[in-house]
Amino acid sequence: MTLGIGVIGLGLMGAVHARNCYGRIPGARLIAVSDANTESLEAFTSEFHLVKGYLDYRELIEDPDVDAIIIAASSSVHAEIIRGIVPLKKAILCEKPLTNSMEESIELHHLISRASIPFQMGLMRRFDPSYIQAKALIEKGSIGTPYSFAAISRDKDAYPPSYISKTSGFFKDTGVHDFDLARWLMGAEVATIHAQGSAFISEHIKEFGDVDFAQANFTFTSGAFGSIQLTRNAIYGYEIRTEILGTNGALQIGWTHRTGTVLLVRDQVIRDTVEDYRLRFEQAYVNEMVEFVRSVKASQAISPNSYDGVAADLIADAATKSLQRGTLETVDNGVLESSG
């Protein structure tokens with residue numbers, strides 16, 4: 001059986017998923033795309049002639065040839081799209097966050113759980129080969145018991161005001177990926193968190209009440225410790241690194257250069273760098289979709305699911321509150337355990 005895929009939203013991530021589904025994912029076929037922007041929609045469907053194009057996403061989700069839907073539209077409309085898909089019992093892969101509202105995200109998690117529909121959260125770092133290997137080594141006991149998690153996420157350049165104005169803050173926009181890795185790799189929930197940050201470079205970020213540098217220290221329910229550092233203006237390139245210390249060793253994941261080529265000329269040694277997340281996690285996005293399609297077709301449990309997405313967002317929400325208040329915040333994981 002070939003799984004018919006529909007993609008809602010043709011922005012940065014939607015375009016990546018749509019192009020991957022067009023021919024890179026075994027057992028899947030891109031049936032339709034939807035975007036409210038006529039130019040974006042026409043540009044894509046003229047390049048990929050056999051793909052249907054819908055200005056109204058509701059026509060896409062009701063298309064009988066579409067079995068599974070990728071939600072890559074603005075997070076402000078995720079909730080209404082999900083509520084529209086659930087009664088149709090179609091599989092969903094949703095880019096983070098579930099919604100911009102913490103309360104509504106918890107509601108949607110319970111709705112998805114009750115409906116028992118296949119649902120995968122777009123937390124692609126779990127599908128990166130380096131992180132997959134690190135997880136396997138931890139589970140094998142190669143570094144003993146993990147007791148320290150440290151992560152760095154650095155963007156080359158700050159996003160423009162048009163993007164920043166739609167986000168819910170640095171921790172919820174970027175840090176959520178590191179928080180998801182922390183839960184996944186350490187095998188424990190985050191209990192408390194303290195955050196700091198400031199806008200050192202980007203004036204437009206400061207105007208929106210956000211920061212271009214942030215850091216947070218946190219504790220796990222297992223007793224382990226964690227920290228993350230986020231930077232929006234690294235200048236030199238895109239960098240994602242993680243280090244985990246265990247009782248019998250350590251793991252280091254990530255690199256600053258794209259290839260192993262080094263240019264050596266007079267008075268200079270030059271290496272290339274990774275431009276952005278689409279290059280660094282190109283294979284992860286393919287792996288993510290391959291696993292989604294495989295799980296849906298095999299009727300198997302999906303991970304990361306809505307629980308994982310909201311759990312990471314709860315940590316990011318607590319970090320945001322800590323940043324604003326200057327206080328140590330407790331992460332209330334219990335709200336996900338209560339019945340919806």
Side-chain angles (χ1 to χ4, degrees), residues 11-20 22-24 43 47 123-137 142-143 148-164 167 170-171 173-178 181-182 185 196-206 210-216 226-245 249-289:
L12 294 175
M13 278 318 310
V16 169
H17 288 313
R19 289 175 182 278
N20 283 342
Y22 190 77
R24 299 184 70 182
E47 181 180 354
L123 295 165
M124 80 295 181
R125 293 189 193 178
R126 292 196 189 199
F127 299 94
D128 175 72
S130 298
Y131 283 106
I132 292 172
Q133 184 180 17
K135 177 66 172 176
L137 288 169
S142 298
I143 63 168
S148 174
F149 172 94
I152 288 175
S153 289
R154 294 173 180 167
D155 287 325
K156 181 180 179 181
D157 300 297
Y159 286 101
S162 59
Y163 178 89
I164 299 298
T167 71
F170 207 2
F171 283 115
D173 184 45
T174 299
V176 68
H177 284 292
D178 295 296
L181 285 178
L185 292 173
Q196 296 173 297
S198 187
F200 290 103
I201 301 171
S202 311
E203 284 299 320
H204 69 273
I205 288 178
K206 188 183 296 185
D210 203 356
V211 299
D212 54 32
F213 176 83
Q215 59 188 21
S227 68
I228 70 167
Q229 181 199 98
L230 310 175
T231 309
R232 275 197 164 115
N233 298 85
I235 306 300
Y236 61 87
Y238 179 74
E239 181 179 5
I240 302 294
R241 285 192 285 122
T242 305
E243 183 172 60
I244 299 163
L245 299 178
L251 281 167
Q252 294 179 335
I253 308 110
W255 55 88
T256 57
H257 48 279
R258 186 180 181 191
T259 68
T261 303
V262 182
L263 172 65
L264 296 96
V265 294
R266 185 179 297 277
D267 300 324
Q268 293 186 81
V269 176
I270 303 171
R271 301 196 75 149
D272 57 10
T273 58
V274 180
E275 275 291 311
D276 62 21
Y277 62 92
R278 287 168 295 182
L279 292 175
R280 169 62 181 84
F281 292 108
E282 180 180 5
Q283 188 58 50
Y285 287 121
V286 173
N287 293 348
E288 173 185 53
M289 197 62 64

Check: Roughly how far, to the nearest 0.5 Å, is CZ of Arg241 from CD1 of Ile253?
Finding: 11.0 Å
Item checked: Min side-chain heavy-atom separation Phe213-Gln196 under 4.5 Å -> no
Check: Can you name the nearest heavy-atom pair linking Leu251 to Ala134, along with the distance?
Finding: CD1-O, 3.6 Å
Next item on the list: Over all heavy atoms of both residues, which pair between Trp255 and Glu239 is shortest? Give the atoms and the distance, please.
Entry: O-CG, 4.3 Å
Next item on the list: List the atom of Ile132, the atom of Phe127, and the distance in Å for their closest heavy-atom pair.
Entry: CD1-O, 3.5 Å
Check: Has the side chain of Asn233 got a donor or acceptor atom that lies under 3.5 Å from a matching backbone atom of Ile201?
Finding: no
Check: Quick one: are Arg232 and Asp173 in side-chain contact, heavy atoms under 4.5 Å?
Finding: yes
Item checked: Sequence-distant partners of His177, side chain to side chain donor-acceptor pair (under 3.5 Å), two or more places apart -> none
Margin query: Quick check on Gln283: does its CD atom have over 12 non-hydrogen neighbours (other residues, nucleotides or ligands) under 6.0 Å away?
Written below: yes
Next item on the list: Provide the closest heavy-atom pair for Val211 versus Ala214 in the form atom of the first, atom of the second, distance.
Entry: CG2-CB, 4.0 Å
Notebook entry, point to check: If you round to the nearest 0.5 Å, how far is CZ of Arg24 from CD of Glu282?
Noted result: 5.0 Å
Check: Can you name the ring-ring contact (aromatic ring centres under 6.0 Å, His included) partners of Tyr22, sequence neighbours left out?
Finding: Phe48
Checklist line | Spatial distance of atom CG (Asp212) from atom NZ (Lys206) [nearest 0.5 Å] | finding: 8.5 Å
Return all side-chain donor-acceptor pairs below 3.5 angstrom for residues 257-268, not counting sequence neighbours, or 'none' if the list is empty.
residue	atom	partner	partner atom	Å
His257	NE2	Arg271	NH2	3.3
Thr259	OG1	Thr261	N	3.3
Thr259	OG1	Asp272	OD2	2.6

Margin query: For the CG atom of Asp210 and the OG atom of Ser202, what is their distance to the nearest 0.5 Å?
Written below: 9.5 Å
Checklist line | Any side-chain heavy-atom pair of Thr242 and Tyr131 under 4.5 Å | finding: yes
Check: Sequence neighbours excluded, which residues qualify as side chain to side chain donor-acceptor pair (under 3.5 Å) partners of Gln252?
Finding: Glu243
Item checked: Side chain His204, main chain Tyr159, donor-acceptor under 3.5 Å -> yes
Note to self: Once rounded to the nearest 0.5 Å, what's the spacing between atom CZ of Arg154 and atom OG1 of Thr174?
What the structure shows: 13.5 Å
Next item on the list: Determine whether Tyr277 and Asp155 make a side-chain contact, defined as any pair of heavy atoms from C-beta on separated by less than 4.5 Å.
Entry: no
Item checked: Residues in side chain to side chain donor-acceptor pair (under 3.5 Å) contact with Arg280, at least two apart in sequence or another chain -> Asp128
Note to self: Is any side-chain heavy atom of Lys135 closer than 4.5 Å to one of Arg126?
What the structure shows: no
Checklist line | side chain to side chain donor-acceptor pair (under 3.5 Å) partners of Arg125, counting only residues at least two apart | finding: Ser153, Asp178
Margin query: Just verifying a value: how many Å separate Tyr238 OH and Thr273 OG1, rounded to the nearest 0.5 Å?
Written below: 13.0 Å
